[in-house]
S.K.: 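Just passing along the structure, written as structure tokens.
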Amino acid sequence: MPEKVHTHFGAEAESVPQQIPLTAASAPEEIGRKKKRGNKRKRDEPAEPQPPRDHEPIQSKKPAPAPPLLEEEAKPEAKPEEVPQRSLNKTAPKGKPNNKPKPLTDTKTNFTSLREKASILYEQRKKLPIFGHADEIRTKLREQDVMLLVGETGSGKSTQIPQFLVNEFWCRPTPAKVPQKDGSVKSMTVGGCIAITQPRRVAAISLARRVAEEMGTPLGSSSPASKVGYSVRFDTSTSPSTRVKFLTEGMLLQEMLHDPWLTRYSAIVVDEVHERGVNVDLTTGFLRNLVSGKREGRGGVPLKVVVMSATADMESLLGFFQEGFKSQPQLQNGEANGTAEEQKDEGSSKQISVCHIKGRQFPVQTIYSPEPVHDYVDAALKVIFQIHYKEPTPGDVLVFLTGQETVEALEKLVNEYAVGMDPSLPRIQVLPLFAALPQVAQQRVFAPAPPRTRKVILATNIAETSVTVSGVRYVVDCGKAKVKQFRTRLGLDSLLVKPISKSAAIQRKGRAGREAPGKCYRLYTESDYLTLDETNTPEILRCDLSQALLNMKARGVDDIVRFPFLTRPPREALEKALLQLLGIDALDESGGISEVGLKIAKLPLTPTLGRVLLAASEQGTECLLDVIDIISCLSVENIFLNTTSEEKKEAAEIARRDLYRREGDHLTMLSTVRAYAGENVDRKAWAERHLVSHRAMQSVMDVRKQLRSQCRQAKLLPRDDRLDQHFDTSPVPILQSFLCGFATNTARLVPDGSYRTVVGNQTVAIHPSSVLFGKKVEAIMYNEFVFTNRSYARGVSAVQMDWVGEALAGQ
DNA sequence: GAGCACTGC
């Protein structure tokens, strides 16, 4: 099987769509994980040696013609739009670590080739469906502060909207006088930058790269003149001149904790709202308060808000923002004087505009199963071969399944059947695709099929949003997905197979029509389809709300009941989260945020893990360092590789023997991080030897570094560098620190040999991935309580019942 | 005896 092992991933994924008419719109999406290392540039830019850069160079995969440069062309000309940028320089973000200007050896070459590239791209941009709407969008936003924009897949909204708006008069940095809490007035500059939020990091980065190309500007911190940057966790790349910034939703929320009025921005564009992650709901709530309030923190300078969605469910959003303008009388005269209702209504309709842009998709024919299907793996097998026998190549098949288990089962079946296939037919290449799959295996999906071969990609819903595979003309949709749902009453997460929504079904189907007309085989009947929910259940109805509530409290939202939720979670869920926050002292008795709560809110951790970190800091530096190592493991994917075969399992047991600790998973993680960090020769080889995920460990080290740095800033850790001298600390203070956050996540052994939760007396089994699996100890503490086939405790350590008693009494 | 997908100065 041909395998492109060291492919240049980002460029690979982007270069394919560039040859098809969907160009810019399909550029943003890539595989779901950033390649951090080994991302070195392989191709040289024309002529001059370039300084080292943090990020990928701005250039396309295709070797761009490098024209000889004329001297007069080479000067970066001062366009009118660059004038405001000078004043922006003064108010540029301070103290960002990443915007150190890099020396540019040949600025002239750089800028000219960038401009030429941009002018080529301009021809493509003009063909995007949204391009003709530029004036309309600009006009509407000059008059109104809020725009709701439905832009179907392929409309080009994510790349074009910021470019339409960046040179608008309202987008300039504006001097303003901002009243301070102490009654004084501060002169400052407000606005000048557009933020575009994305749910995923790769999307933020690749969109920034694309828009920088289109605007003919260097990307991010590569040049002080760069106008386009991005900001995601562990990787911020902006310059003093950044005017368009792509960031993750979480990053914007984090910025809002420090700058509640978003004074650096003239506009916030919230993209992919239809996905309805919990961060989008928080963002829209905060933004509604901001735009419909008096803007006092911005010195009266307006903030434009564009909310973008790929599906047409705009009515609820329209109602949502209208409600904001109605319920908070404000505006020009400043005083809320309770005047006539109709005045407010006028105000609200004038403030919001709606825009609908058609997408560009090829037609996709839908074929339903004539009768209900009980075994969708078997049904998928039949459809795959039906397609393969009937349909011409090229035309790859993308099958949506529910999880790794079904993917692997079907992979086996297809391979078995393919053996007996008519040899005159094209071959079949089966490619599994799920998040837990190692990176190299994921990348195989993107390599073009060998001659006379049809790719059959068996994917989880990773392929619905996070990963775009080119070449697909046939989609097989089982109509199901695994969904995580937090059960407030039981305090556990369940992960169950559920029917997808209509909009997810449409999204899956759309994957067949990106490059050519396609077909979508639905493994359910049309009447089943009609019974599906219209949209995905918003995450805010499915998750533990404690983190969201803590964020709101930290932002000064005292009255949760009056917070503008796009979808209001049930009272019970809110109360449960409040109780949980009270239990870890993040709130005081009146429900306001406490000192502890404020500290926790700023950490990139769940409130419980944040609480554990603070508790550990009271036990001394060593305990804190150890707990940081463990928390780092808990906040990334599983660090131990799954062992599929019996042989591998044995090998894993032996390889990991020196890492395992009988105290449980927490101490095992600690010894793993220590061993990995102590390996200075070849960490990758070390990880492979121990069947530890190198990818996961790299993330662990990123988190560890971030947490250590935050602890130093908060004076919880000393500033010296002697942090890696390990002494063998006692496990007791470590586990007791964990109990400060997880006192209610405990279970004791009962006479029949099972474990029962200390609070609630429910049966819980130790997850098979735990080092304590099959072991009997007095009591256990666990990080996660998950229901799949039965109730499992994951992330388990042995504790003593009297510690549990103390920790519970302490609450 | 088992692991949907994302994400955070």
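Side chains are part of it too, since the values below use all heavy atoms of this structure and drop only hydrogens, waters and symmetry mates. Predicted model only: the values in this text are computed from it and were never measured. Below, chain A is the first sequence line, B the second, and so on; all start at residue 1.
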S.K.: In this structure, how many angstroms lie between the C1' atom of B/dT7 and the CZ atom of A/Arg542, rounded?
M.R.: 13 Å
S.K.: Is the closest side-chain donor-acceptor distance between A/Thr537 and A/Arg276 under 3.5 Å?
M.R.: no
S.K.: Please report the distance, rounded to the nearest Å, between CZ in A/Phe787 and C1' in B/dC4.
M.R.: 16 Å
S.K.: So, does A/Thr788 get its side chain near the phosphate of B/dG3, meaning an N or O under 4.0 Å from OP1 or OP2?
M.R.: yes
S.K.: Between B/dA2, B/dC9, B/dT7, which one does the side chain of A/Thr248 approach most closely?
M.R.: B/dT7
S.K.: Rounded to the nearest angstrom, tell me the gap between atom OH in A/Tyr376 and atom C1' in B/dC4.
M.R.: 11 Å
S.K.: A/Arg233 CZ to B/dC6 P: how many Å, rounded?
M.R.: 15 Å
S.K.: What's the closest nucleotide to the side chain of A/His258 if the choices are B/dT7, B/dA5, B/dC9?
M.R.: B/dC9
S.K.: Could you say whether A/Phe773 or A/Leu495 is positioned toward the 5' end of DNA chain B, judged by the nucleotide with the nearest heavy atom to each?
M.R.: A/Phe773
S.K.: Of all the nucleotides listed (B/dT7, B/dC4, B/dG3), which has the minimum atom distance to the side chain of A/Asn461?
M.R.: B/dC4
S.K.: Nearest to the side chain of A/Lys482, heavy atoms from C-beta on, is which of B/dA5, B/dC4, B/dG1?
M.R.: B/dC4
S.K.: Once you round it to whole Å, what is the distance between C1' of B/dA2 and CG of A/Asp665?
M.R.: 14 Å
S.K.: Both conditions, 6.0 Å and 45 degrees, for the charged tip of A/Arg656 above the ring of A/Phe640: are they met here?
M.R.: no
S.K.: Using heavy-atom distances to pick each residue's nearest nucleotide on DNA chain B, tell me which of A/Leu605 and A/Val483 is more 5'.
M.R.: A/Val483
S.K.: Would you say A/Arg756 has more than 12 foreign heavy atoms packed within less than 6.0 Å of its CZ?
M.R.: yes
S.K.: At less than 4.0 Å, is any side-chain N or O atom of A/Ser769 found next to OP1 or OP2 of B/dA2? Yes or no.
M.R.: no
S.K.: State which of B/dA5, B/dC9, B/dG1 makes the closest approach to the side chain of A/Ser466.
M.R.: B/dA5
S.K.: Would you say the rings of A/Phe563 and A/Phe286 are close, in the sense that their centroids are separated by under 6.0 Å?
M.R.: yes
S.K.: Quick one about A/Lys245 and A/Tyr265 (side-chain donor to acceptor, distance below 3.5 Å, no hydrogens or angles considered), yes or no?
M.R.: yes
S.K.: Does one side chain, of A/Ser770 or A/Tyr782, offer a donor that lies under 3.5 Å from an acceptor on the other?
M.R.: no
S.K.: Would you mind telling me which of B/dG1, B/dA5, B/dC9 lies closest to the side-chain atoms of A/Pro768?
M.R.: B/dG1
S.K.: Using whole Å, what does the distance between atom P of nucleotide B/dA2 and atom CD of A/Gln404 come to?
M.R.: 13 Å
S.K.: By nearest atom, which of the nucleotides B/dG3, B/dA5, B/dC9 is closest to the A/Thr460 side chain?
M.R.: B/dA5
S.K.: Would you mind classifying the nucleic acid contact of A/Glu275 as base, sugar-phosphate or nothing, using non-hydrogen atoms under 4.0 angstrom?
M.R.: nothing
S.K.: Taking the minimum atom-to-atom distance to the side chain of A/Met251, which one of B/dC6, B/dC9, B/dC4 wins?
M.R.: B/dC9
S.K.: Can you measure A/Asn536 atom CG to B/dC6 atom P for me and round it to whole angstrom units?
M.R.: 15 Å
S.K.: Expressed as a whole number of angstroms, how long is the span from A/Glu784:CD to B/dC4:P?
M.R.: 13 Å
